[in-house]
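Report on the structure given below.
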Amino acid sequence: MEPADAADVIRDTLEERDAVAHARQSQHVDGFRRRVALLVAGLAGLLAITSLGGQNATKTMINANIQASDTYSFYQAKTIRQTSNQLFADNLQSLLDTTNPSDSARAAIQARIDRAKATVARYESEPQTGEGKKELLARAETYVQEREHAARQDPDFDYAEVLLQIAIVLGSVAILAVSRPVTVIALALGGVAGILMLNGFFLWFTLPIG
C-alpha cells in the first residue's frame, strides 16, 4: 500500500470515528433535551393546578369574609330589635305593677307583653328559618372558619406558584445550555413547589411566614 493510500485510509477512519462520535453526542443531547422538555411540561401542569388552587382560595376568602360580615350585621340588627322588644315588655310590666287598670285594660296590656316576650324569644332562636341570633352566630362562625382555612392555604399556593415559574425558566435555560446542574436545580425547585402545592390543598403543616 502506497503511503498516500495509507494516509487516506487513516484520514477516512478518523473522519468516520468523528462522525460516529458526533452522532452519538447529538443523540445524547437530543435525548437530554427531550427529557428536560417533559420536565418543563410537567412543571407547567403543576403551575396550572397551583394557580387554580390559589384562585379558589382567594375567592373563598373574599366570599366567606363578605358572608361573615353580612351575618354578623344581621345578628347585631336582631340584637337591637330584641333589646327594643325586651324594653317594651319591661315598661309595660312596670305599668301593670305600678297602676291599677281595669280588667280589660290589664288583659290588653298583658297580651302585648306576651307578644313582645314571644318576639324576644323568637329573635334569640328560630330553628325553622335559621335566622335567630343563635343560628346566625353559628353560621357566622362557620364563615369565619372557612375564611381562616382559605387564608392558611393561600401562602402555600403563592410560594408554590413562584417556585414553579422559576423552575420552568431554569428548565428552559437547561434545554438551551444542555446543563445538568441547572436541570437539577429546576427539578429541586419543582419538588419543593409540589410539596407546597399539596400542602395548600391538605394543610399538613403551617408555613412560618404568610
Side-chain angles (χ1 to χ4, degrees), residues 11-75 136-210:
R11 184 176 64 254
D12 291 342
T13 302
L14 292 176
E15 289 177 352
E16 183 178 353
R17 288 180 180 178
D18 289 342
V20 171
H22 184 268
R24 289 179 178 176
Q25 179 66 22
S26 296
Q27 291 177 353
H28 176 74
V29 170
D30 290 342
F32 173 80
R33 284 176 170 167
R34 282 196 296 271
R35 289 192 295 272
V36 179
L38 290 175
L39 171 63
V40 171
L43 293 174
L46 289 178
L47 178 59
I49 297 172
T50 302
S51 179
L52 180 61
Q55 291 174 6
N56 289 338
T58 300
K59 289 179 182 177
T60 299
M61 276 195 299
I62 294 173
N63 292 335
N65 189 60
I66 292 173
Q67 294 286 354
S69 178
D70 290 346
T71 305
Y72 276 125
S73 296
F74 195 14
Y75 174 87
L136 289 173
L137 186 60
R139 192 189 310 166
E141 290 174 349
T142 298
Y143 289 134
V144 170
Q145 291 174 1
E146 290 180 4
R147 182 189 65 195
E148 296 303 321
H149 184 269
R152 291 197 301 273
Q153 290 178 304
D154 192 58
D156 290 280
F157 290 124
D158 288 343
Y159 291 123
E161 191 169 352
V162 171
L163 290 178
L164 284 170
Q165 290 173 346
I166 296 173
I168 289 172
V169 171
L170 291 178
S172 301
V173 171
I175 292 175
L176 296 175
V178 193
S179 173
R180 288 185 178 277
V182 175
T183 304
V184 171
I185 295 174
L187 184 61
L189 290 178
V192 174
I195 293 173
L196 289 176
M197 181 199 70
L198 291 174
N199 190 60
F201 287 110
F202 301 107
L203 289 180
W204 295 318
F205 56 87
T206 300
L207 291 178
I209 51 179

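Side-chain atoms are counted along with the backbone in the values below, which use heavy atoms only and exclude waters and symmetry mates. Fair warning: this is a prediction, and the values are worked out from it, not measured in the lab.
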Out of curiosity, [X] [atom1] to [Y] [atom2], how far, rounded to the nearest 0.5 Å?
X      : Y      : atom1 : atom2 : value
Leu170 : Ile175 : CG    : CD1   : 11.5 Å
Asp154 : Thr58  : CG    : OG1   : 4.5 Å
Tyr72  : Gln67  : OH    : CD    : 13.0 Å
Glu161 : Ile166 : CD    : CD1   : 11.5 Å
Asp30  : Arg35  : CG    : CZ    : 10.5 Å
Asn63  : Asn56  : CG    : CG    : 10.5 Å

Tell me the closest heavy-atom pair linking [X] and [Y], and the distance in Å.
X      : Y      : answer
Ala150 : Ala57  : CB-O, 3.5 Å
Ala160 : Leu196 : CB-CB, 3.8 Å
Phe157 : Thr50  : O-CG2, 3.3 Å
Ala167 : Gly190 : CB-N, 4.0 Å
Ala174 : Thr183 : CB-OG1, 3.2 Å

Taking C-beta and beyond as the side chain, do Gln165 and Leu47 meet within less than 4.5 Å on heavy atoms?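 Side chain of Gln165 against side chain of Leu47, heavy atoms only: contact under 4.5 Å found.
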
Are side-chain heavy atoms of Leu198 and Asp156 found at a separation under 4.5 Å?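 Side chain of Leu198 against side chain of Asp156, heavy atoms only: no contact under 4.5 Å found.
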
Review item, side-chain donor-acceptor pairs of residues 137-149, under 3.5 Å, at least two apart:
| from | atom 1 | to | atom 2 | distance (Å) |
| --- | --- | --- | --- | --- |
| Arg139 | NH2 | Gly130 | O | 2.5 |
| Thr142 | OG1 | Ala138 | O | 3.0 |
| Arg147 | NH1 | Asn65 | OD1 | 2.8 |

